[in-house]
Amino acid sequence: MTISTDLGSSDTRPTRILAIESSCDETAAAVIDNGRYIRSNVIASQIELHQQYGGVFPEMASRAHIEAIGAVIQRAMYDAGASWESIDAVGVTKGPGLPGSLVVGVNAAKGICLARDLPLIGINHLEGHIYSHWLEDAPISRFGENPFPLLALIVSGGHTELVIIRDHGQYELIGHTVDDAVGEAFDKVARMLGLGYPGGPAIEKAARSGNPTRFKLSRPRMDKPYNFSFSGSKTAVLYALRKFGGPVETTPAGGSPPGISPRIPVADIAASFQEAISEWLAEKTVRAAEAYDVKGIVVGGGVSANQALREKLSAVAGARSARLFTVLFPPLALCTDNAAMIGAAAHFAYLRGVRDQLDMDVLPDLKLG
Ligand code: KG4
Ligand code: ZN
């Protein structure tokens with residue numbers, strides 16, 4: 001029996017993809033059936049390793065990937081109960097990401113393809129975040145058989161982008177950050193507030209007991225309507241800290257989080273920062289959805305786990321715009337980096353006939369569209 005799962009495509013051939021992801025600080029492998037069903041999803045996190053440096057240390061990241069990659073792939077195959085004969089293709093993140101991290105996953109994928117004579121499919125990591133919406137319950141089906149055009153907001157540690165998706169594999173980048181990525185801004189502000197790494201979840205936690213209206217962070221002026229800038233909000237946090245005898249501008253030797261004076265209202269600053277960021281992201285995203293007349297909005301990337309952003313974006317899309325837009329967020333476990341989303345993207349690429357050669361290079365600055 002063939003299950004029609006590939007929403008937006010008339011091709012319903014069943015596939016089983018082994019997917020590999022190693023673009024930053026997670027070593028991940030997954031086995032995905034028909035671009036939708038997660039047979040296994042294994043992630044070896046390096047968070048503890050990088051916590052001592054207050055951020056991702058690229059050299060350490062690639063070495064940790066080398067140590068983990070073999071066992072992670074074996075585990076993904078084992079958990080899925082998959083034989084090598086049952087695999088149709090290997091999908092792997094080819095970029096964007098840290099070069100030394102990307103090469104570990106790509107070389108592992110090439111070795112498997114060479115040994116088993118399997119097709120190799122290089123996937124854009126950001127495309128993976130988008131395809132998390134096609135997995136398991138396939139929330140994308142809320143937009144009908146053909147969900148396009150769609151607007152994607154990608155908010156991660158390395159990217160903040162607004163992308164129009166016209167069809168599978170057809171992207172138009174309409175906005176991006178001109179300085180820090182939003183996750184990066186969360187991580188830097190968390191460090192300034194002595195909250196440690198990764199900063200996004202730490203700020204979200206601290207903000208729960210804070211007053212989001214206490215500090216007004218001014219909006220950056222932007223030349224292009226859908227571009228973002230977050231470095232100004234970082235500076236605004238610094239000024240707020242100064243009022244209270246802060247800041248803690250540098251990370252002390254040894255990389256441990258800086259100590260912070262009890263006089264500093266950390267919760268209020270965290271809540272105000274999170275509020276401002278969520279508001280800017282929500283307004284620009286909904287404005288773009290209106291201008292491009294999309295069927296709906298999908299959000300992806302680590303920062304899409306943030307509850308304040310979820311609530312703000314849903315509220316603005318559902319009330320303040322001329323048209324109501326449905327906004328989809330991935331399940332929390334699929335917001336941060338994983339290989340299941342790479343497997344979903346690779347399924348659609350496989351059906352489109354995308355094949356890469358064994359001389360495929362990694363593309364650390366790869367763009368969407
Ligand atoms: O997508 P991701 O796992 O890796 C990249 O592709 O960059 O995103 C990681 C980023 C980090 O900057 C982290 O601080 C942020 O996502 N993040 C969050 C939350 N969880 C992770 N930011 C805000 N709120 C969260 N709950
Ligand atoms: Zn990511």
Side-chain angles (χ1 to χ4, degrees), residues 11 13 15-32 35 42-44 46 56 58-74 76-77 82-131 154 156 158-159 161 163 167-171 173 337-369:
D11 194 331
R13 267 175 297 157
T15 64
R16 172 166 286 180
I17 306 279
L18 169 64
I20 299 173
E21 153 65 39
S22 69
S23 64
C24 189
D25 59 346
E26 324 276 2
T27 319
V31 174
I32 303 299
V42 180
I43 303 173
Q46 302 176 7
V56 178
E59 167 82 12
M60 303 289 277
S62 44
R63 289 177 160 203
H65 284 307
I66 286 174
E67 282 174 10
I69 192 89
V72 165
I73 294 170
Q74 264 179 336
M77 292 293 288
S83 66
W84 286 107
E85 289 70 33
S86 71
I87 301 291
D88 292 301
V90 181
V92 63
T93 304
K94 64 179 176 186
L98 299 169
S101 289
L102 289 164
V103 293
V104 179
V106 164
N107 273 342
K110 285 183 183 181
I112 293 166
C113 291
L114 192 58
R116 309 287 327 173
D117 194 21
L118 287 169
L120 173 71
I121 303 173
I123 295 293
N124 184 317
H125 177 83
L126 306 177
E127 190 175 17
H129 278 301
I130 291 169
Y131 276 90
I154 298 167
S156 72
H159 294 85
E161 300 192 347
V163 180
D167 201 343
H168 288 292
Q170 288 181 26
Y171 306 102
L173 180 67
D337 291 348
N338 63 85
M341 66 187 198
I342 302 301
H347 162 85
F348 291 96
Y350 180 78
L351 294 183
R352 289 198 305 277
V354 174
R355 303 289 184 269
D356 283 292
Q357 301 303 311
L358 288 174
D359 63 355
M360 178 181 85
D361 199 0
V362 297
L363 297 165
D365 299 317
L366 185 61
K367 306 266 182 286
L368 257 190

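Computed from a predicted structure; not experimentally measured.
In terms of heavy-atom proximity, Ala89 sits nearest to Ile121 at CB-CD1, 4.0 Å. In terms of heavy-atom proximity, Gly95 sits nearest to Leu366 at O-CD2, 3.6 Å. Between Ala44 and Ala68, the shortest heavy-atom distance links the atoms CB-CB, 4.2 Å. Here the shortest heavy-atom pairing between Ala30 and Ala340 reads CB-N, 3.6 Å. Annotation for Trp84 and Ile112: closest pair CZ3-CG2, 3.6 Å, computed over non-hydrogen atoms. Taking each heavy atom of Ile87 and Leu118 in turn, the nearest pair found is O-CD2, 3.2 Å.
The backbone N or O of Val56 sits nowhere less than 3.5 Å from a side-chain atom of Asp25 that would complete a donor-acceptor pair. Although no hydrogens or angles enter the test, the distance criterion places no donor-acceptor pair under 3.5 Å between the side chain of Thr27 and the main chain of Ile69. Between the Ser22 side chain and the Ser101 main chain, a donor and an acceptor come within less than 3.5 Å of each other. A donor-acceptor pair is defined here as one N or O able to donate and one able to accept, closer than 3.5 Å; such a pair exists between the side chain of Asn124 and the backbone of Lys367.
Contact annotation: the side chain of Glu127 approaches that of Tyr171 to within less than 4.5 Å [non-hydrogen atoms, C-beta and beyond]. Between Ile130 and Leu368 the shortest side-chain heavy-atom distance falls below 4.5 Å. No side-chain heavy atom of Asp365 sits less than 4.5 Å from a side-chain heavy atom of Pro96. Taking 4.5 Å as the limit, some side-chain heavy atom of Met341 sits within range of a side-chain heavy atom of His125.
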**Prompt:** Which is it for Tyr131 and Ile123 under the side-chain contact (heavy atoms from CB on, under 4.5 Å) test, yes or no, and what are the steps along the way?
**Reply:** CA-CA 11 Å; Tyr131 276 90; Ile123 295 293; over 6 Å; no
**Message:** Set out, in order, the CA-CA distance, both residues' side-chain angles and the distance that settles side-chain contact (heavy atoms from CB on, under 4.5 Å) for Asn338 and Glu26, then state yes or no.
**Reply:** CA-CA 7 Å; Asn338 63 85; Glu26 324 276 2; over 6 Å; no
**Request:** Begin with the C-alpha distance, continue with both residues' side-chain angles, and end with the deciding distance and a verdict on side-chain contact (heavy atoms from CB on, under 4.5 Å) for Lys94 and Asp361.
**Result:** CA-CA 7 Å; Lys94 64 179 176 186; Asp361 199 0; over 6 Å; no
**Request:** Show your reasoning for whether side-chain contact (heavy atoms from CB on, under 4.5 Å) applies to Val92 and Lys110.
**Result:** CA-CA 9 Å; Val92 63; Lys110 285 183 183 181; over 6 Å; no
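Between the SG atom in Cys113 and the CD atom in Gln357 there is a gap of 11.0 Å [rounded to 0.5 Å]. How far CD of Glu85 is from CZ of Arg116: 5.0 Å, rounded to the nearest 0.5 Å. Summarising the geometry, atom NE2 belonging to His65 is positioned 12.0 Å from atom CD1 belonging to Ile20; distances are rounded to the nearest 0.5 Å. Going from atom CG of Leu98 over to atom CD of Glu59 covers 11.5 Å, rounded to the nearest 0.5 Å. Separating the NE2 atom in His347 from the CG atom in Asp88 is a distance of 10.5 Å, to the nearest 0.5 Å. Interatomic distance, CD1 of Ile342 versus CD of Glu21, reported as 5.0 Å (0.5 Å rounding).
Electrostatic pairing of Arg63 and Glu67 does not count as a salt bridge here, judged by no charged N lying under 4.0 Å from a carboxylate O.
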